[in-house]
Amino acid sequence: MPDETTPDETKPPRLAQGREHVVATVTEIPPGSSKVVPIGRHGVGVYNVGGTFYAIANYCPHEGGPLCSGRARGKTIVDDSVPGDAVMVRDMEFIYCPWHQWGFELSTGTTAVKPEWSIRTYPVRVVGDDVLVTA
Ligand code: FES
């Protein structure tokens, strides 16, 4: 019979529930990196932006490109006070489709190109060392 005070029993439950999937460990997706996991027809990209995790559909609504094969970076805004009149802000919070460079906000799935074509994002939570996505 197991000792009820063993450290393993004090850990939070590892198993996901319902439509929640354990997709990675936290160390598999360090800040500034991502992983495409096999959920749904096209997969879901899971991103770690400075310790905050986001999950977004790996499908571009423009012409069906593999969105999460693109680069994550910030977005450009007007700033008249700097040379070139533009600056990059919110580094790594946007994913850009590799086909035609439409950009999508990781936290919301919205695109400034055509907001009515925004895509799905999914809740992510971290339990212990596990990253869980509900999809
Ligand atoms: S298919 Fe993604 S921008 Fe065109």
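Whatever order the structure lists them in is the order used to number ligands and atoms, beginning at 1. Just so you know, these numbers use all the heavy atoms, side chains as well, and skip hydrogens, waters and symmetry mates. All values derive from a computational prediction rather than experimental measurement.
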Colleague: Quick one: how many protein N/O/S atoms are under 2.8 Å away from atom 2 (Fe) of ligand 1?
Modeller: 2

Colleague: More than 12 heavy atoms of other residues, nucleotides or ligands under 6.0 Å from CZ of R90: is that the case?
Modeller: yes

Colleague: Within a 6.0 Å radius of atom NZ on K35, are there more than 12 heavy atoms belonging to other residues, nucleotides or ligands?
Modeller: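 Result for NZ/K35: enclosed.
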
Colleague: Students often mix this up, so state it plainly: with edges at 30° and 60°, are the rings of W102 and H62 parallel, tilted or perpendicular?
Modeller: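 Geometry flag for H62 against W102: parallel rings.
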
Colleague: Exactly one of T27, N48, V26 should register a side-chain contact (heavy atoms from CB on, under 4.5 Å) with V131. Which one does?
Modeller: V26

Colleague: Is the closest side-chain heavy-atom distance between T134 and Y122 below 4.5 Å?
Modeller: no

Colleague: Apply salt bridge (Lys or Arg N to Asp or Glu O under 4.0 Å) to residues K75 and E105 and explain how you reach the verdict.
Modeller: CA-CA 9 Å; K75 71 172 183 177; E105 187 177 35; over 6 Å; no

